[in-house]
Protein chains: 2
Amino acid sequence: MKKRATLNDIAQRLNLTKVSISKALRDHPDISEATKKRVKEVASEIGYRPNLIARSLTSSKTQTIGVVVPKIAHSFSAQVVAGIQRYANSRGFVIVLTVSDENPELERKHIESLVSMQVEGLLVSVSMATRETEIYNWIREMQIPLVFFDRYIPDLGFNSVVIDDRGAAKEAVGHLIKSGCRKIAHLAGYNHVSIGRQRRQGYEEALREHGIEPDPRMVIEGDVGEDSGYRGFKELQARNIEMDALFSVTFPVGLGSYVAMRETDPSMIDRIEMLAFGDSGIRGIVPYPHFYVEQPGKEIGRKAAELLLDEIEGSVKPENQLVYVPTRFLETNSDFQVTEVDFNKS
Amino acid sequence: MKKRATLNDIAQRLNLTKVSISKALRDHPDISEATKKRVKEVASEIGYRPNLIARSLTSSKTQTIGVVVPKIAHSFSAQVVAGIQRYANSRGFVIVLTVSDENPELERKHIESLVSMQVEGLLVSVSMATRETEIYNWIREMQIPLVFFDRYIPDLGFNSVVIDDRGAAKEAVGHLIKSGCRKIAHLAGYNHVSIGRQRRQGYEEALREHGIEPDPRMVIEGDVGEDSGYRGFKELQARNIEMDALFSVTFPVGLGSYVAMRETDPSMIDRIEMLAFGDSGIRGIVPYPHFYVEQPGKEIGRKAAELLLDEIEGSVKPENQLVYVPTRFLETNSDFQVTEVDFNKS
DNA sequence: TTTTTTTAATTAACCGTTTAATTTAGCTAA
DNA sequence: TTAGCTAAATTAAACGGTTAATTAAAAAAA
């Protein structure tokens with residue numbers, strides 16, 4: 001890699017000092033118009049590009065935010081990252097993207113290295129297994145702006161942008177019950193992770209509200225991936241659970257259960273109503289899942305980035321707030337048409 | 001944001017100079033073991049984290065690579081980015097992710113700002129409309145390592161990691177012909193973009209090789225998105241084109257055409273064999289497209305990152321080489337089973 | 001004992017840029 | 001005429017870290 005042109009290079013060519021060049025390029029009033037013109041000409045002639053690293057050192061601004069996601073090669077994560085990227089970019093920031101791969105240790109390392117890189121703020125979606133909060137306490141003490149999105153750790157003093165998992169799950173399961181389902185199984189996430197806990201709570205509340213006592217045997221706790229859905233459904237079969245509906249904690253889990261059903265007894269696919277959180281990005285193409293809670297990934301990303309940048313630029317203090325991004329409840333009918341379910345009518 | 005601890009802060013507390021602290025923390029032999037111990041204790045006590053920005057200024061290494069993709073919220077892009085991220089990370093690099101949104105002007109700006117940020121190399125997938133190569137010429141002159149992936153600009157002196165679009169298209173279309181298809185329409189990409197041009201070439205070569213003269217009326221050039229596929233198919237209908245197979249340049253285009261078919265005459269879905277490049281990430285769930293060329297996104301990302309990092313670290317000169325990542329040709333049968341098609345047998 | 005070597009620090013200089021404090025000459029006003 | 005001001009540049013210092021060169025004291029060799 002060739003050595004890049006610096007202020008000094010321009011200065012030498014013009015018999016000026018680097019300070020004058022710096023000022024000239026930034027249209028500082030100290031410099032005469034004639035000189036500014038000459039400086040700019042030479043600058044573009046030799047292809048000068050300011051070294052932002054050096055500039056950052058004096059300004060202690062890097063115009064950079066760090067992002068930590070558990071996965072990236074999944075529709076939802078990619079949507080969120082797209083939302084973050086676009087919004088941050090519109091405000092002149094650039095994102096450094098890291099992936100924890102659901103590994104808390106890696107998550108911590110990424111945060112450390114992002115902080116070392118002097119990112120001005122962090123957007124974090126915590127990995128499923130994250131328990132240790134030491135690093136987050138440190139972040140808070142150092143008053144480094146941080147916003148959680150999608151998956152968060154409560155009571156740490158940071159803002160979080162999430163969907164109303166409990167409310168949406170409750171409404172969705174409620175809708176199933178009103179449509180006649182009684183025996184609704186649930187492939188759940190782990191209880192110590194917010195989305196797992198909240199969605200399960202919503203599920204149980206909906207059942208109780210309609211006079212159905214939740215049966216712990218109908219709930220399988222597990223991971224959020226396709227494998228887990230496959231195994232979960234097999235386990236339900238092993239337990240001899242009868243069901244007329246199945247609520248999967250995520251779209252991939254739903255897919256896994258779908259594959260398991262097809263293997264076991266394809267007729268179940270028509271008999272069992274399927275409900276899942278998430279969106280495959282292939283809306284209107286496949287009639288599956290029948291019902292789903294659409295997670296507005298881009299919107300979550302956008303909102304999280306907005307909160308973070310406001311905190312960075314306006315020095316607004318974090319509030320330990322949960323900001324809810326509204327979801328929509330969608331139904332795919334037999335004509336592949338996707339329509340929003342209006343709860344007021346059901 | 002609180003002021004972070006620096007070497008000087010530690011130095012003062014111990015009545016030493018910052019240089020000694022710097023050396024102690026990096027286990028430099030100049031410093032006695034006793035002192036090293038004390039320094040490290042104080043460092044961790046006050047939560048010292050090295051400022052990588054400052055370190056970069058002296059070392060002119062940022063351990064950072066810049067990535068420019070046209071889109072991120074799409075399965076393939078997300079896969080590639082995942083591959084890049086993982087590999088770069090394994091070699092101690094971090095990625096700065098930017099999105100051009102298929103806008104050449106934005107692409108140029110992102111590259112400029114990444115260079116200003118002193119990334120050590122660039123991974124770029126050019127936007128569909130990119131024609132202007134001035135910035136790339138400058139990058140080459142400055143000898144900044146750059147590797148194109150997926151979509152590239154030829155003859156600029158950079159390495160590119162791609163799939164063999166022409167070869168794969170030729171084999172795939174050839175397979176359709178051997179299965180009995182004669183009237184194969186093509187929803188193509190633009191001719192000035194490598195994937196569009198190459199895939200179309202493969203399509204035409206396959207036809208010619210089997211004694212079918214390509215009919216330009218059966219090819220619609222367009223974008224690579226779902227809308228374009230929808231419009232393209234409608235246009236084929238308007239032209240009164242009869243077909244027994246349809247080759248779509250990308251998966252989204254295929255989906256768009258699928259929706260258009262369903263609207264026009266659902267029976268076509270069974271009558272017309274569908275072939276597309278790409279992968280929805282829902283393999284084995286939907287029986288569509290019937291045939292597809294799997295683009296190994298993660299592998300492309302990994303390989304591109306590997307070439308780039310070798311160039312960065314080993315100062316291997318770029319070779320203006322095309323590196324092909326192998327694809328697989330897959331068929332989804334009526335049981336939703338996905339199998340690889342072995343061309344030797346067909 | 002004197003000289004040389006080793007140890008463990010220190011000071012100086014630099015990376016590329018910015019901000020603050022000075023300088024110099026030319027100009028204006030009293 | 002001379003103090004005071006303005007314009008346009010300069011020098012000094014800083015950001016946080018690193019490397020190179022230097023010093024001082026203690027230890028080893030002559």
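Here is the naming used below: chain letters follow the sequence lines, and residue numbers restart at 1 for every chain.
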Novice: With DNA chain C as reference, determine whether A:Y48 or B:S32 sits nearer its 5' end, using the nearest nucleotide of each.
Specialist: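 Taking each residue's closest nucleotide, the earlier one in sequence belongs to B:S32.
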Novice: Give the rounded distance in Å between these two atoms: CD1 of A:I31 and P of D:dA7.
Specialist: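 Checked: the CD1 to P distance equals 13 Å.
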Novice: Verify the contact: side-chain N or O of B:R55 to OP1 or OP2 of D:dG16, cut-off strictly under 4.0 Å; return yes or no.
Specialist: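 Negative; the distance criterion is not met.
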Novice: Closer than 4.0 angstrom, basic N to acidic O: yes or no for A:K2 and B:E141?
Specialist: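 Judged by the 4.0 Å cut-off on N to carboxylate O distance, A:K2 and B:E141 do not form a salt bridge.
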Novice: Atom CD1 of B:I10 to atom P of D:dG16: distance rounded to whole Å?
Specialist: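 The distance from CD1 of B:I10 to P of D:dG16 comes to 13 Å, rounded to the nearest Å.
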Novice: Pairs under 3.5 angstrom only: tabulate donor-acceptor contacts from the side chains of residues 13-21 of chain A to other protein residues two or more places apart or in another chain.
Specialist:
from  : atom 1 : to    : atom 2 : distance (Å)
A:T17 : OG1    : A:S20 : OG     : 3.3

Novice: What is the distance, to the nearest angstrom, from the CG atom on B:L52 to the C1' atom on D:dC15?
Specialist: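 Value for this atom pair: 15 Å.
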Novice: Using a 4.0 Å heavy-atom cut-off, does A:T6 contact any base of the nucleic acid, only the sugar-phosphate backbone, or nothing at all?
Specialist: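 The answer is sugar-phosphate, as A:T6 gets under 4.0 Å only of primed atoms, P, OP1 or OP2.
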Novice: Rounding to an integer number of Å, can you tell me how far A:R38 CZ sits from D:dA8 C1'?
Specialist: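 Answer to the nearest Å: 12 Å.
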Novice: Quick check for you: to the nearest 0.5 Å, what is the distance between B:N89 atom CG and A:S113 atom OG?
Specialist: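 That separation rounds to 8.0 Å.
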Novice: Bend angle of the helix from C:dT1-D:dA30 to C:dA30-D:dT1 from five-pair axes at both ends, rounded to 10°?
Specialist: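 The angle separating the two end axes equals 70°.
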Novice: Does a salt bridge link B:E41 with B:R38, judged by any charged N lying under 4.0 Å from a carboxylate O?
Specialist: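 So B:E41 does not pair with B:R38 through a salt bridge.
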Novice: Answer yes when B:R86 and A:D101 have at least one side-chain N-carboxylate O distance shorter than 4.0 Å, and no when they do not.
Specialist: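 Salt bridge between B:R86 and A:D101, a charged N being under 4.0 Å from a carboxylate O: yes.
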Novice: Shortest non-hydrogen contact from A:I144 to B:M1?
Specialist: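 That closest heavy-atom pairing would be CG1-SD, 3.7 Å.
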Novice: Just to be sure I understand the rule, does B:L16 reach a base, reach only the sugar-phosphate, or reach nothing, if contact means heavy atoms closer than 4.0 Å?
Specialist: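 Contact class for B:L16: sugar-phosphate only.
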Novice: Check B:K40 with B:D27, please: is the shortest side-chain N to carboxylate O separation under 4.0 Å?
Specialist: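 B:K40 and B:D27: salt-bridged.
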Novice: Could you tell me the separation between the CD atom of A:E33 and the C1' atom of D:dA9, rounded to a whole number of Å?
Specialist: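 Spelled out: CD on A:E33 to C1' on D:dA9 is 15 Å.
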Novice: Let's go through A:R91 and A:D310 carefully: what are the C-alpha distance in whole Å and the side-chain angles of both, what is the deciding distance for salt bridge (charged side-chain N to carboxylate O under 4.0 Å, His left out) to 0.1 Å, and is it a yes or a no?
Specialist: CA-CA 10 Å; A:R91 286 183 59 171; A:D310 285 348; 2.9 Å; yes
Novice: For a quick test of reading the model: is some side-chain N or O of B:S59 closer than 4.0 Å to OP1 or OP2 of D:dT18?
Specialist: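 No, B:S59 has no side-chain N/O under 4.0 Å of OP1/OP2 on D:dT18.
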Novice: What is the distance from CG of B:D9 to P of D:dG16, rounded to the nearest Å?
Specialist: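 Roughly 8 Å, once rounded to whole Å.
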Novice: Does a nitrogen or oxygen in the side chain of B:S22 sit under 4.0 Å from OP1 or OP2 of D:dT19?
Specialist: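 For D:dT19, neither OP1 nor OP2 has a side-chain N or O of B:S22 closer than 4.0 Å.
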Novice: Whole angstroms only, please: what is the NE2-P distance between A:H28 and D:dA8?
Specialist: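 Those two atoms, NE2 and P, are 13 Å apart.
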Novice: Starting at the 5' end of DNA chain C and moving along, which residue's nearest nucleotide shows up first, A:V19 or B:V19?
Specialist: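 Its nucleotide being nearer the 5' end, the pick is B:V19.
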Novice: If you round to the nearest 0.5 Å, how far is CH2 of B:W138 from CD of B:E112?
Specialist: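 So the gap between those two atoms works out to 7.0 Å.
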Novice: What is the 5' to 3' range of DNA chain C, first to last nucleotide, that sits under 4.0 Å from any heavy atom of chain B?
Specialist: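 Extent of the interface on DNA chain C: C:dA8 to C:dG16.
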Novice: Is any side-chain N of the basic residue among A:E33 and A:K37 closer than 4.0 Å to the acidic one's carboxylate O?
Specialist: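 Between A:K37 and A:E33 there is no salt bridge, as every charged N stays at least 4.0 Å from the carboxylate O atoms.
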Novice: Reckon A:S60 touches a base, only the sugar-phosphate, or nothing at all at heavy-atom distances under 4.0 Å?
Specialist: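 Answer is nothing: A:S60 stays at 4.0 Å or more from every strand.
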Novice: Just to be sure I understand the rule, does B:N51 reach a base, reach only the sugar-phosphate, or reach nothing, if contact means heavy atoms closer than 4.0 Å?
Specialist: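 Touches sugar-phosphate only.
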Novice: If only side-chain N and O atoms of A:S20 are considered, is one of them under 4.0 Å from the OP1 or OP2 phosphate oxygen of D:dT10?
Specialist: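 Yes, within the criterion.
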